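Quick note: numbers below take in every heavy atom, side chains included, and nothing from hydrogens, waters or symmetry partners. It should be emphasised that the depicted structure is a prediction, and the values quoted were computed from it without experimental measurement.
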Amino acid sequence: MTYRAIKGTKDILPAETARWQHVEQTVRSVFHRYNYREIRTPVFEQTSLFARSIGELTDIVGKEMYTFADRSGDSITLRPEGTASVMRSYIQNNLAQDQPLTKVYYIGPMFRQERPQAGRLRQFHQFGAEATGSPTPETDAEIIALAIDIYRALGITQWSLQINSVGDEECRPRYKELLRAELRKVADRLSPESQKRLEQNPMRVLDSKDENDRALTAGMPLINDHLNEACAAHFGRVKELLTSYGIPFTVNGRLVRGLDYYTKTAFEITSSELGSQDALAGGGRYDLLVQELGGKPTPSVGFAAGMERLMMILEKKGFAAPEPRPRLFLAAADAPARDWVLAKTMELRSRGVAAETDLLGRSLKSQMKEADRQGAAFVLVVGAAELAAGRGVLKNLSDHSSVEVALDDLHHSV
RNA sequence: GUGGCCAUAGUUCAGUUGGUUAGAACGCCAGGUUGUGGCCCUGGAGGUCGUGGGUUCAAAUCCCACUGGUCACCCCA
């Protein structure tokens, strides 16, 4: 084997594309149900767009981006997530002018240069939605409900929703100082990773998976106990709405998302059906991002979900999407019938019938086996005798029955 | 970036303390039935045993390096 797909990339083969298409269709139909419209942005952007929106200190920007210089020397990056591009497009195309609230969704490949493992690829696929222009908790709740509805529509029941509020530009800095002061008291005993975060992003220390860190920070103040009035009211309303929508959730005061731009609501949907990488979707509110990118202050909420992890669950559940199959397979019993069979196949196709025939000049037995393998509903064997009589025997491959039909109006018989 | 495990037909795997032409199942092709699929029977094609080096009379088997895969850490979808 000479060429292989690049590490961390995968071919989605014909045997699996039916499942992908089914998921894509289901996802789209739920988005449309919620009145979100599709947006398609380029898969690469100026590097600084991602650096600025995701945050210079995040792992994504610090060590995971596919960044390269193009031929003119500009620094280009393959998108590691969708929100930054969508917001760039929102500002560039002035989408705000059409209506006060813009609801869009996207679906497509993302790229991060990490070590691959179960549920993590270098090129992976996400779908997500952004509701831009609304500060209301009703919008947060809609985004979360939308994500949950997609899993429900796909028959995925083993998920759990965790939510938190990470505060805003007024109460978060105040809380961070409080937390930092607490953390300093145990700083020398924290893991090296957490010591680094103490100054840069102390909230991430609470999110550490290190057991010792967790023990040390066990009793420390949590952000959602130190929200200002506006954030607390917003968070309360989101929880109230989720409850009224019948969506179960747990509040996790230590939940901090990996991207810098979140404010107020942050949430994560995980599945116990997955391995170590168990996050199905994540999202939250990002009221400061649009202005950070040069637009007018525009409050927004959104989420992103991984397609491969969804596929892993569906595959594990043995979910099989229906495959396209030929309606009729036309088999030639002898050489003179081949031309007629080819012409008839083309005619049926032009009439909208999924018709298939042999292109390899194979024996009749082989053609029959092929028709069976393809899952064709019917097979018609045509030879000199049938051509002379103008009639043939149409065989139903699933119930083994046969009927005699006129060759001229075959399309009425299948 | 760090660590564990793994690498033999297209696929899933067997291959004894190192020993002669490396096997099975499934899949693929052909025939059994000179014009009818699925089951069955017969036959066939298909492998530089991941790559390179070393030990040995002898290596798929032991050792080293590399490459690839996989899982986990970090982090995330």
Between A:T77 and the options A:V43, A:T47, A:L49, A:V61, the side chain to side chain contact (heavy atoms under 4.5 Å, CB included) test singles out A:T47
Can you classify the ring geometry of [X] versus [Y] as parallel (below 30°), tilted (30 to 60°) or perpendicular (above 60°)?
X      : Y      : result
A:F319 : A:H22  : tilted
A:F303 : A:F267 : tilted
A:F111 : A:Y66  : perpendicular
A:F31  : A:F127 : perpendicular

Using atom [atom1] of each nucleotide, how far apart are [N] and [M] to the nearest Å?
N      : M      : atom1 : answer
B:rG19 : B:rC26 : C1'   : 31 Å
B:rU16 : B:rA59 : C1'   : 15 Å
B:rC49 : B:rA9  : C1'   : 10 Å
B:rU33 : B:rC39 : C1'   : 15 Å
B:rG69 : B:rA30 : P     : 35 Å
B:rC71 : B:rC62 : C1'   : 27 Å
B:rA58 : B:rG23 : P     : 23 Å
B:rC57 : B:rG18 : C1'   : 12 Å

Comparing A:S363 with A:V382, nearest RNA chain B nucleotide closer to 5' gives the residue A:S363
Identify whether the distance between the nearest side-chain nitrogen and carboxylate oxygen of [X] and [Y] falls below 4.0 Å.
X      : Y      : result
A:E370 : A:R362 : yes
A:R28  : A:E38  : yes
A:E142 : A:K103 : yes
A:E199 : A:R184 : yes
A:R172 : A:E169 : no
A:R285 : A:D140 : yes
A:R120 : A:E114 : yes

(message) For A:K10, is the NZ atom crowded, meaning more than 12 foreign heavy atoms sit under 6.0 Å from it?
(response)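 12 or below, so no.
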Original post:
Any side-chain N or O of A:S366 under 4.0 Å from OP1/OP2 of B:rA30?
Top reply: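 Looking at the OP1 and OP2 atoms of B:rA30, one of them is under 4.0 Å from a side-chain N or O of A:S366.
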Rounded to whole Å, CG of A:L328 lies from C1' of B:rG37 at a distance of 14 Å
Between CZ of A:F378 and C1' of B:rU36 the distance, given in whole Å, is 16 Å
(request) Find out whether A:L241 and A:I144 are in side-chain contact, i.e. whether some heavy atom of one side chain is under 4.5 Å from a heavy atom of the other. (result)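 With C-beta onward as the side chain, the pair stays apart.
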* Of the residues in residues 403-410 of chain A, which ones touch RNA chain B at a heavy-atom distance under 4.0 Å? ->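 None - not one residue of the stretch has a heavy atom sitting under 4.0 Å from the strand.
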* **Residues from residues 20-41 of chain A lying under 4.0 Å of RNA chain B - heavy atoms** =>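 Per residue number, the list is empty: none.
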Practice item. Answer with yes or no whether the side chains of A:Y36 and A:E130 bring together a donor and an acceptor at under 3.5 Å. Key: no
Contact string for nucleotides 70-77 of chain B, one letter per nucleotide 5' to 3', B = base within protein heavy-atom range under 4.0 Å, S = sugar-phosphate only, - = neither, reads -SBBBBBB
Using a 4.0 Å heavy-atom cut-off, does A:Q113 contact any base of the nucleic acid, only the sugar-phosphate backbone, or nothing at all?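 No contact.
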The correct list of stems in which RNA chain B takes part (3 or more consecutive Watson-Crick or G-U pairs, distances under 3.5 Å) is B:1-7 with B:67-73, B:10-13 with B:23-26, B:28-32 with B:40-44, B:50-54 with B:62-66
A:D287 side chain to A:S300 backbone, donor-acceptor under 3.5 Å: yes
Would B:rG54 be called syn or anti here, given the cut-off of 90° from 0?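 The base of B:rG54 is oriented anti (glycosidic angle more than 90° from 0).
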Item to complete: Would you please name every residue forming a side chain to side chain donor-acceptor pair (under 3.5 Å) with A:E81, sequence neighbours left out?
Response: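 Listed in chain order: A:Y261.
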Expected rows: protein N/O vs nucleotides 38-42 of chain B N/O, under 3.5 Å:
unit_1	atom_1	unit_2	atom_2	d
B:rG38	O4'	A:D372	OD2	3.3
B:rG38	O6	A:H400	ND1	2.8

